[in-house]
Amino acid sequence: EYMGILDIQANMKKSQATAPIKAVINLRMLASAAKPNPKMGQALGPLGLNMMQICKEVNAATGHIRPDVPLRITLTAYIDRTYSFMIKPPPTSWFIKKAVGREKFTEYPGHFQNVAISIQYIYEIAKIKQEMDPHHKFVSLENICKMIVSQCSTMGVVVTPILQQPEMIKIPVKN
């Protein structure tokens with residue numbers, strides 16, 4: 001008899017709840033463009049997981065995001081060869097690089113700071129992090145902004161209070 005999608009998901013969740021965890025793997029993949037590669041094979045091969053199936057599921061879950069956005073994926077493999085994954089937003093440094101429009105910054109952070117970013121960009125990045133990252137769901141925007149500001153200082157970027165209209169730096173969506 002045909003099982004609906006909800007029934008399949010419910011059965012997967014039941015097996016995941018009872019099956020012990022075999023491994024937790026952190027992967028980096030491009031949104032909606034994930035494909036098997038040697039690094040993924042080294043990580044997933046010993047666990048007996050199908051790389052192509054994982055890539056298809058990740059691509060389906062991130063299909064609304066542009067393919068040049070790097071995402072962090074935490075994959076939990078269970079003993080019974082099932083798995084679950086959690087998609088996290090790009091690293092904060094990626095957002096800062098996109099907002100500033102540079103790929104490289106100073107070689108001597110803390111000594112030379114030749115790039116500035118408006119506090120409004122910091123706030124927009126914090127909103128994205130809070131919305132997409134499950135670990136930041138219940139962290140206040142103020143604390144997320146403080147984390148981002150401290151990362152800016154380690155990258156050699158000065159945060160300025162200049163009020164300017166920030167360009168849209170939300171996770172780009174395919175057209």
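Here the structure is a predicted model, which means the values were calculated and not measured.
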Are the side chain of [X] and the backbone N or O of [Y] linked by a donor-acceptor pair below 3.5 Å?
X: Thr74; Y: Asn26; result: no
X: Lys35; Y: Cys55; result: no
X: Thr92; Y: Ile148; result: no

Provide the closest heavy-atom pair for [X] versus [Y] in the form atom of the first, atom of the second, distance.
X: Val69; Y: Pro90; result: CG1-CG, 3.4 Å
X: Val100; Y: Ala116; result: CG2-O, 4.3 Å
X: Ser32; Y: Ile65; result: OG-O, 3.1 Å
X: Leu71; Y: Ala31; result: CD1-CB, 3.6 Å
X: Asn59; Y: Ala33; result: OD1-N, 3.2 Å
X: Ile119; Y: Pro161; result: CG2-CA, 4.2 Å

(message) Count I, L, V, M, F, W, Y as connected when their side-chain heavy atoms are under 4.5 Å apart, and connections chain through other members. Are Trp94 and Met29 then in the same cluster?
(response) yes
Can you tell me how far the [atom1] atom of [X] sits from the [atom2] atom of [Y], to the nearest 0.5 Å?
X: Thr62; Y: Leu30; atom1: OG1; atom2: CG; result: 9.5 Å
X: Thr154; Y: Ile96; atom1: OG1; atom2: CD1; result: 7.5 Å
X: Leu49; Y: Ile25; atom1: CG; atom2: CD1; result: 6.5 Å
X: Asn143; Y: Gln130; atom1: CG; atom2: CD; result: 10.0 Å
X: Ile117; Y: Arg102; atom1: CD1; atom2: CZ; result: 12.5 Å
X: Leu141; Y: Lys127; atom1: CG; atom2: NZ; result: 8.0 Å

(message) Before you tell me yes or no, could you show the steps for Ile125 and Tyr123 under side chain to side chain contact (heavy atoms under 4.5 Å, CB included), namely the whole-Å CA-CA distance, both residues' side-chain angles and the distance that decides it to 0.1 Å?
(response) CA-CA 5 Å; Ile125 293 169; Tyr123 181 74; over 6 Å; no
(request) Not counting sequence neighbours, which residues clear side chain to side chain contact (heavy atoms under 4.5 Å, CB included) with Gln53? List them please. (result) Asn50, Glu57, Tyr83
(request) With sequence neighbours excluded, tell me which residues meet salt bridge (charged side-chain N to carboxylate O under 4.0 Å, His left out) with Lys56. (result) none
(message) I'd like to check Leu44 versus Ile54 (side-chain heavy atoms, cut-off strictly below 4.5 Å). Are they in contact?
(response) yes
(request) Please examine the side chains of Phe95 and Ile128, heavy atoms only from C-beta on, and report whether any two atoms are closer than 4.5 Å. (result) yes
(request) Verify side chain to side chain contact (heavy atoms under 4.5 Å, CB included) between Lys88 and Met86, making sure each step is shown before the conclusion. (result) CA-CA 6 Å; Lys88 297 180 184 177; Met86 177 173 39; 4.0 Å; yes
(message) Please determine whether the number of non-hydrogen atoms from other residues, nucleotides or ligands lying under 6.0 Å from atom NZ of Lys39 exceeds 12.
(response) no
(request) Could you give me the CA-CA distance, side-chain angles and deciding distance for Met147 and Val139, then say whether side chain to side chain contact (heavy atoms under 4.5 Å, CB included) is met? (result) CA-CA 11 Å; Met147 288 186 252; Val139 178; 4.1 Å; yes
(message) Show, in sequence, the C-alpha distance, side-chain angles and deciding distance for Arg28 and Ile73, and conclude whether the side chain to side chain contact (heavy atoms under 4.5 Å, CB included) test is met.
(response) CA-CA 6 Å; Arg28 292 197 183 224; Ile73 295 165; over 6 Å; no
(request) Decide, yes or no, whether a salt bridge links Asp133 with Arg72 under the criterion of side-chain N to carboxylate O below 4.0 Å. (result) yes
(message) Let's go through Ser84 and Tyr78 carefully: what are the C-alpha distance in whole Å and the side-chain angles of both, what is the deciding distance for side chain to side chain donor-acceptor pair (under 3.5 Å) to 0.1 Å, and is it a yes or a no?
(response) CA-CA 8 Å; Ser84 62; Tyr78 300 97; 3.3 Å; yes
